[in-house]
Amino acid sequence: MNLKGSKLRIEKIDECRYRIPKTGKMRVDGVIYVDQKMMDEIIATDESLIQVANVAHLPGIQKYSLAMPDIHWGYGFPIGGVAAMDVEQGVISPGGVGYDINCGCRLLITRISKKDIKDRIRELVDALFKAVPCGVGSKGKIKLSKNEEKKVLEQGSRWAVKEGFGTEEDIARTEEGGMLKGADPDLISERALERGKEQLGTLGAGNHFLEIGYVEEIFDEKTARAFNLFKDQVTILIHCGSRGLGHQICDDFIRIMMKSIDELGIELPDRQLVSAYIKSKEGQAYLSATATAANFAWANRQIIMHWVREAFSSTLAANIDEIGLELLYDVCHNIAKIEEHEIDGKKRKVCVHRKGATRAFPPKHPDVPKIYREVGQPVLIPGDMGTESYVLVGTQKAMEDTFGSTCHGAGRIMSRSKAIKFTKGRAIQRELENKGIIVKAKGSKTLKEEAPEAYKDVSHVVDIVHKAGISKKVARIKPLGVVKG
DNA sequence: ATGTGC
């Protein structure tokens, strides 16, 4: 099959993978994790498959330009894209990370059951809404001096815990321990610092949310036990990122790298793939700047979680120890990181771009927290606000085939503007309430942009990665109440 | 995603 309007061919590999064989100046094949139905949906929706082929042109790319089933159109790289570049000869690209650097999720688990809070969801949603500032341009309850902000950017979750937001145990249950090394705040713009100063401890808008839910089904008893999950257990999912600070850093580095774009020595198929060699001054500066934004995001989620714990327990007039509110794990789904992977039988250092893709490391991997090392890394997959979310576990197959990566969510099927037109005149909040989900949102426009129909079916996405073996289903979580920006 | 768009 040929892709409409291009010379790209698409071949079926098996029930859940397709290949775009390399052609022209592509350095590697594209490999897309989809079934026939999802492939048809993607082709009908956007041109993100062309972006998979475009990424394959970048210097130093190893094995394949990968895409997960939640793939959709993004800046330069598709969202749902994974690309690993050789550290010595390869490039790093802001489009391969995305505007919301270290957008991610964390899941809180409790010791209580759905029946314990059945009649109090509205009250709990109101309490969370009050506890966590949200919406576009929302400012936090924390005001940072520039010096203090720089500590946040260097230390991430560690700063938050030192300031009394949460515990050491939370750090152990966060990807990278909530702190990427090599973060140099002096490499980011005054403007980025300015935007970050008032935004720590804010949720933001768009697809970011707080969600009270319960474990509806368990697929893998053994792993669920290791993750401390049980049927009907109440959970709280937090999804947000690095706010205006990360956005500004992305913007700044796209501009910086555009200036030296000729130094790449290749013609890019799309200027949005603007990159710098990892070894170059610009490449190193960007890597360091993404680390500051990643750390900001981890501190942000840590602080938000602390307020969620307080609001939740005080509403239920319960002791936190009684109801749990333990962190299961925190994952990041927009990042570029230097990792070691086996390529053609040899261990090599690569820069793994995960843009709308989640790390899914296997059992025994040293980067998986000790408490989960025997079973593998917990992977959190948020759905859209009307459907369900998933807990998965990382696998050896992901390590071998996808640089230890899997999907990140449902994935858009409609642009934001299309979703607004599509939902014209509808009362999304009431529709969700009829489905038994209580929603409180700062802006009504956000609800329309985030209408369930604007997203793919998250269960379909998850079924594909499960079947492909690049992560395995552990539990499905059903929402009861949602706070939106 | 974003003090939403140059």
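Lettering of chains follows the sequences in order, A, B, ..., and the numbering in each one begins at 1.
- Along DNA chain B, the nucleotide nearest to A:V136 and the one nearest to A:R416 differ in position, and the one closer to the 5' end is contacted by A:R416.
- Distance A:K445 NZ to B:dT4 P: 9 Å, rounded to the nearest Å.
- The separation between A:K442 atom NZ and B:dT4 atom C1' is 17 Å, rounded to whole Å.
- Looking at A:K281 and A:E263, no side-chain N of the basic residue comes within less than 4.0 Å of a carboxylate O on the acidic one, giving no salt bridge.
- When heavy atoms are screened at a 4.0 angstrom cut-off, A:G241 is found touching no nucleic acid atom at all.
- With salt bridges taken as basic N to acidic carboxylate O contacts below 4.0 Å, none links A:D367 and A:K337.
- A:K440 forms a cation-pi arrangement with A:F129, by the criterion of a distance under 6.0 Å to the ring centre and an angle within 45° of the ring axis.
- Among the heavy atoms of the strands lying under 4.0 Å from A:R191 is at least one base atom, whether or not backbone atoms are also near.
- A:E449 comes within contact range of no nucleotide atom at all, as no heavy-atom separation falls under 4.0 Å.
- Between the side chain of A:D70 and the backbone N or O of A:G409, at least one donor-acceptor pair lies under 3.5 Å.
- As rounded to whole Å, 13 Å separates atom P of B:dT2 from atom CD1 of A:I79.
- Each of A:E450 and A:T446 has a nearest nucleotide on DNA chain B; the 5'-most of these lies closest to A:E450.
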